[in-house]
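The structure displayed is predicted, hence computed values, not measured ones.
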Amino acid sequence: MGRMKIADVAESIDHELVSSSDIHDRIAEIARQVSEDHRGDDLLLVGVLKGAVNTMVAFSQALSIPVTMDFMSLSSYGSGTTSSGSVKVRQDLSTDVRGRHILVVEDIVDSGRTLAWLVDEFRRRGAASVEVFALLEKPARREVDVEVKYHGFDIPDEFVVGFGLDYDERFRNLDSIAVLKPSVYQGAHA
């Protein structure tokens with residue numbers, strides 16, 4: 001019994017990239033830093049559904065300061081050269097962000113387009129400050145310059161699942177970050 005581990009889905013996994021203990025150790029380090037940086041602030045954590053849920057839960061529980069939490073669901077479409085008009089809000093915050101300090105909690109940043117749009121959107125809405133914590137970043141995929149103040153792990157440009165990241169809604173509950181076997185997703189659209 002216990003958590004879903006790589007051994008439980010071994011036929012689909014090529015190799016583990018970041019272990020469960022390394023994820024939790026890094027989240028604890030970042031939570032200590034954020035707790036210091038934002039002591040006395042009315043900090044609002046914003047998670048982008050669905051991928052950021054696991055990171056949000058682990059991170060919020062590691063903080064030693066009171067925070068409020070809210071979620072957004074976004075869909076991005078098109079591959080235009082600007083981010084304007086390419087992000088759609090499927091589910092908005094229930095919180096007014098005017099005058100609030102916001103920390104966007106992300107599972108992964110690749111192109112950075114959606115994140116850059118979100119940071120700009122919160123600034124437009126009058127947030128006092130907007131910072132980003134990303135558990136994973138794929139530097140090879142970055143197209144837009146967006147500052148990630150609190151940084152987990154750089155990973156190679158591979159198809160990763162686990163700890164909230166999915167393939168076709170599967171593997172989100174894996175307790176570590178792993179590289180999916182190409183055979184799982186190649187031919188998926190054949």
**Study point:** Contact summary for Gly152 and Arg26, nearest pair of heavy atoms
**Key:** O-NE, 3.3 Å

Point to revise | In one Ile/Leu/Val/Met/Phe/Trp/Tyr side-chain cluster, 4.5 Å: Val53, Tyr167 | key: no

Point to revise | Exceeds 12 heavy-atom contacts within 6.0 angstrom, atom NZ of Lys50 | key: no

Review point. Tell me, do Tyr150 and Leu103 make a side-chain contact under 4.5 Å, heavy atoms counted?
Key: yes

Review point. Salt bridge or not for Arg172 and Glu169, using N-O below 4.0 Å?
Key: yes

Practice item. Taking all heavy atoms of Val34 and all of Ile65, pick out the closest pair and write down the distance. Key: O-CD1, 4.1 Å

Review point. Would you find a donor on one side and an acceptor on the other, under 3.5 Å apart, between the side chain of Ser73 and the backbone of Arg90?
Key: no

Practice item. Can you measure from CD1 (Ile177) to CD1 (Ile6) and round to the nearest 0.5 angstrom? Key: 9.5 Å

Check your understanding: Is there side-chain contact between Asp42 and Arg100, with at least one heavy-atom pair below 4.5 Å?
Key -> yes

Exercise for review: Calculate, to the nearest 0.5 Å, the distance between atoms CD and CG belonging to Glu121 and Asp92 respectively.
Suggested key: 7.5 Å

Check your understanding: Does Asp8 reach the main-chain N or O of Lys5 with its side chain, forming a donor-acceptor pair under 3.5 Å?
Key -> yes

Point to revise | Atom of Val184, atom of Ser12 and distance for their closest heavy-atom approach | key: CG2-O, 3.6 Å

Practice item. Would you mind reporting whether Phe171 and Leu165 have side-chain heavy atoms less than 4.5 Å apart? Key: no

Point to revise | Lys/Arg N to Asp/Glu carboxylate O, Asp96 vs Arg98, below 4.0 Å | key: yes

Review point. Mind checking whether Phe59 and Phe133 have parallel, tilted or perpendicular rings, split at 30° and 60°?
Key: tilted

Point to revise | Polar side-chain atom of Asp175 near backbone of Arg3 as donor-acceptor pair, under 3.5 Å | key: no

Study note, to complete from the structure: The reported gap from CD1 in Ile23 to CG in Asn54 (rounded to nearest 0.5 angstrom) is 9.0 Å

Exercise for review: May I ask you to decide whether Glu29 forms a salt bridge with Arg32, counting only side-chain N to carboxylate O separations under 4.0 Å?
Suggested key: no

**Study point:** Contact summary for Val46 and Met56, nearest pair of heavy atoms
**Key:** C-CE, 3.7 Å

Check your understanding: Rounded to the nearest 0.5 Å, what separation is found between the CH2 atom of Trp117 and the CZ atom of Arg124?
Key -> 6.5 Å

Exercise for review: Quick one: do Ile108 and Lys138 satisfy side chain to side chain contact (heavy atoms under 4.5 Å, CB included)? Show the steps, please.
Suggested key: CA-CA 8 Å; Ile108 190 165; Lys138 284 185 179 179; 3.9 Å; yes

Practice item. Determine whether Val18 and Phe163 make a side-chain contact, defined as any pair of heavy atoms from C-beta on separated by less than 4.5 Å. Key: no

Check your understanding: Any link between Leu45 and Leu93 through a network of hydrophobic side chains (Ile, Leu, Val, Met, Phe, Trp, Tyr) touching at under 4.5 Å?
Key -> no

Practice item. Indicate yes or no: at least one non-hydrogen side-chain atom of Val89 is less than 4.5 angstrom from one of Leu74. Key: yes

Check your understanding: Do Val146 and Ile102 share a hydrophobic cluster, counting only Ile, Leu, Val, Met, Phe, Trp and Tyr and linking them when any side-chain heavy atoms are less than 4.5 Å apart?
Key -> yes

Exercise for review: Check Leu174 against Gly162 and note the closest heavy-atom contact, atom names and distance.
Suggested key: CB-CA, 3.7 Å

Review point. Out of Val179, Leu135, Leu136, which residue meets the side chain to side chain contact (heavy atoms under 4.5 Å, CB included) rule with Ile155?
Key: Leu136

Practice item. Taking the side chain as every heavy atom from C-beta outward, state whether Ile13 and Leu180 have any pair of such atoms under 4.5 Å apart. Key: yes

Point to revise | Joint cluster assignment, Leu49 & Met69, ILVMFWY side-chain distance < 4.5 Å | key: yes

Practice item. Mark yes when over 12 heavy atoms from residues, nucleotides or ligands other than Asp154 sit less than 6.0 Å from its CG; otherwise mark no. Key: yes

Check your understanding: Asp37 versus Glu131: any side-chain heavy-atom pair under 4.5 Å?
Key -> no

Exercise for review: Starting at CG of Asp168, measure out to CG of Asp166 and round the result to the nearest 0.5 Å.
Suggested key: 7.5 Å

Revision key, fill the gap. On a heavy-atom basis, the closest approach of Ala128 and His101 is CB-CE1, 3.9 Å

Practice item. Side-chain contact test, heavy atoms from C-beta onward, threshold under 4.5 Å: evaluate it for Val48 versus Glu106 and give yes or no. Key: yes

Check your understanding: Hey, any chance Leu44 and Val67 share a hydrophobic cluster, counting ILVMFWY side chains that come within less than 4.5 Å of each other, even indirectly?
Key -> no

Revision key, fill the gap. In this structure, CZ of Phe159 is separated from CD of Gln186 (nearest 0.5 Å) by 11.0 Å

